[in-house]
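Quick caveat, the model's predicted, so the values are computed rather than measured. To find a chain, count down the sequence lines: A is the first, B the second, and so on, and within it residues start at 1. Heavy atoms only: backbone and side chains are in, while hydrogens, waters and symmetry mates are out.
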Number of protein chains: 2
Amino acid sequence: MRVLDHPLQTDRARLLFKALADPVRLTVIEALAGGERCVCDLTAELGLAQSKLSFHLKLLKEAGLLESRQEGRWVYYRLRVEAIQSMQNWLAALAARCERPASPCP
Amino acid sequence: MRVLDHPLQTDRARLLFKALADPVRLTVIEALAGGERCVCDLTAELGLAQSKLSFHLKLLKEAGLLESRQEGRWVYYRLRVEAIQSMQNWLAALAARCERPASPCP
DNA sequence: AGGATAGATCAAAATTGGTTGATGAATCAA
DNA sequence: TTGATTCATCAACCAATTTTGATCTATCCT
């Protein structure tokens with residue numbers, strides 16, 4: 001991995017972390033871990049105002065954590081497992097760098 | 001895992017994600033992935049105002065991502081790999097739930 | 001002791017984020 | 001076509017975070 005690749009990767013990771021840094025969005029994520037759901041379903045189950053849920057769904061989608069498909073009047077959202085894997089990979093790379101032999105002897 | 005355990009775990013994860021959801025803090029994290037550093041070192045290397053860096057270091061430490069030790073006038077910060085592992089674990093659990101056989105047949 | 005340096009803390013200003021209620025677009029059913 | 005339903009969008013408001021510059025504490029050196 002070149003050094004200059006890193007900032008981009010990191011910024012992408014940052015957007016993913018930011019997307020998960022909110023209680024409402026985490027609730028949505030956990031609800032969707034069980035599988036695809038339509039918006040009205042989520043609204044009811046989570047007891048959220050419709051515009052509020054819509055706001056967070058959009059944000060999660062833009063971050064790459066969700067994808068959606070329309071079916072008639074309904075819109076179904078689901079988790080993108082690849083996004084979760086990206087985060088895992090980023091964290092794994094970070095952890096790996098921490099395990100390094102440490103700096104040259106003093 | 002009981003259902004009621006979950007909110008706590010999730011909220012802890014949320015705080016970690018939040019801590020990583022900032023460009024300055026990610027820069028700090030990456031700098032510390034190379035090993036322990038003193039504050040003045042980081043200030044110089046990252047070109048940050050001292051109070052600004054101090055603010056973010058405190059936040060990262062409170063989130064459990066960093067720990068520090070004082071040596072004379074200097075304070076050294078380092079990454080807590082356990083925190084990174086916590087995040088990895090949380091994500092792995094989430095990903096595992098996504099792989100489920102999906103809901104009962106329709 | 002006196003001066004210099006490292007770092008933490010604080011309050012005010014600036015910025016960013018989230019919520020709310022209203023409105024709009026698309027789909028469907030009658 | 002009309003009315004109902006689902007969802008997205010918008011602007012105004014409110015709340016949380018971040019930045020900045022100043023001040024404070026502790027440690028060290030002379």
Student: Within this structure, what is the CD-to-P distance between B/Gln50 and D/dC24, rounded to whole angstrom?
Tutor: 15 Å
Student: Strictly under 3.5 Å: I want the nitrogen or oxygen pairs between protein and nucleotides 4-6 of chain C, one per line.
Tutor:
| from | atom 1 | to | atom 2 | distance (Å) |
| --- | --- | --- | --- | --- |
| C/dT5 | O4' | B/Arg73 | NH1 | 3.3 |
| C/dA6 | O3' | B/Arg73 | O | 3.3 |

Student: For A/Tyr76, report the nucleic acid contact type (base, sugar-phosphate, nothing); a contact means any heavy atom under 4.0 Å.
Tutor: nothing
Student: Measuring from A/Glu62:CD to A/Leu57:CG, what's the distance to the nearest 0.5 Å?
Tutor: 11.0 Å
Student: Check whether A/Leu53 and A/Leu59 end up in the same hydrophobic cluster, where Ile, Leu, Val, Met, Phe, Trp and Tyr are linked by side-chain heavy atoms less than 4.5 Å apart.
Tutor: no
Student: Between C/dA25 atom P and A/Gln70 atom CD, what is the distance in whole Å?
Tutor: 15 Å
Student: With sequence neighbours excluded, what pairs up with A/Glu36 under the salt bridge (Lys or Arg N to Asp or Glu O under 4.0 Å) test?
Tutor: A/Arg69, A/Arg78
Student: I need the CG-C1' distance between A/Leu60 and C/dG17, as an integer number of Å.
Tutor: 14 Å
Student: Can you tell me how far the CD1 atom of A/Ile29 sits from the SG atom of B/Cys98, to the nearest 0.5 Å?
Tutor: 8.5 Å
Student: Rounded to the nearest 0.5 Å, what separation is found between the OH atom of A/Tyr76 and the SG atom of A/Cys38?
Tutor: 5.0 Å
Student: Could you tell me which residues satisfy side-chain contact (heavy atoms from CB on, under 4.5 Å) with A/Ala31, sequence neighbours excluded, listed by chain and number?
Tutor: A/Leu42, A/Glu45, A/Leu46
Student: Would you sort out whether A/Gln88 and B/Gln88 count as a side-chain contact (heavy atoms from CB on, under 4.5 Å), showing the intermediate values?
Tutor: CA-CA 6 Å; A/Gln88 288 184 279; B/Gln88 289 184 277; 5.6 Å; no
Student: To the nearest angstrom, how far is A/Leu15 atom CG from C/dG17 atom C1'?
Tutor: 14 Å
Student: Can you tell me the distance, in whole Å, between the CG atom of A/Leu53 and the P atom of D/dC7?
Tutor: 9 Å
Student: In the 5'-to-3' direction, what one-character label does each nucleotide of nucleotides 10-19 of chain D receive under the scheme B = base within less than 4.0 Å of a protein heavy atom, S = sugar-phosphate only, - = no such atom?
Tutor: -------SSB
Student: May I ask whether A/Leu48 and A/Val39 are part of the same hydrophobic cluster, defined by side-chain heavy atoms of I, L, V, M, F, W, Y residues being less than 4.5 angstrom apart, directly or through others?
Tutor: yes
Student: In whole angstroms, how far is the C1' atom of D/dT6 from the CG atom of A/Leu48?
Tutor: 16 Å
Student: Using atom types as modelled, flag every donor-acceptor pair under 3.5 Å from a side chain in residues 13-25 of chain A to any protein atom, sequence neighbours excluded.
Tutor:
| from | atom 1 | to | atom 2 | distance (Å) |
| --- | --- | --- | --- | --- |
| A/Arg14 | NE | A/Asp11 | OD1 | 3.0 |
| A/Arg14 | NH2 | A/Asp11 | OD1 | 3.1 |
| A/Asp22 | OD1 | A/Val24 | N | 2.8 |
| A/Asp22 | OD1 | A/Arg25 | N | 3.1 |
| A/Arg25 | NE | A/Ala19 | O | 2.8 |
| A/Arg25 | NH1 | A/His56 | ND1 | 3.2 |
| A/Arg25 | NH2 | A/Lys18 | O | 3.2 |

Student: Output the rounded distance in Å from CG (A/Leu66) to P (D/dC7).
Tutor: 14 Å
Student: Evaluate the side-chain contact (heavy atoms from CB on, under 4.5 Å) criterion for residues B/Leu32 and B/Tyr77: first the C-alpha distance (whole Å), next the side-chain angles of each, then the deciding distance (0.1 Å), finally the verdict.
Tutor: CA-CA 8 Å; B/Leu32 292 177; B/Tyr77 280 86; 4.1 Å; yes
Student: Say you draw a straight line from CG of B/Leu79 to CD of B/Glu67; how long is it, rounded to the nearest 0.5 Å?
Tutor: 9.0 Å
Student: Using five pairs at either end of the helix from C/dA1-D/dT30 to C/dG17-D/dC14, determine the angle between the two local helix axes and round it to 10 degrees.
Tutor: 10°
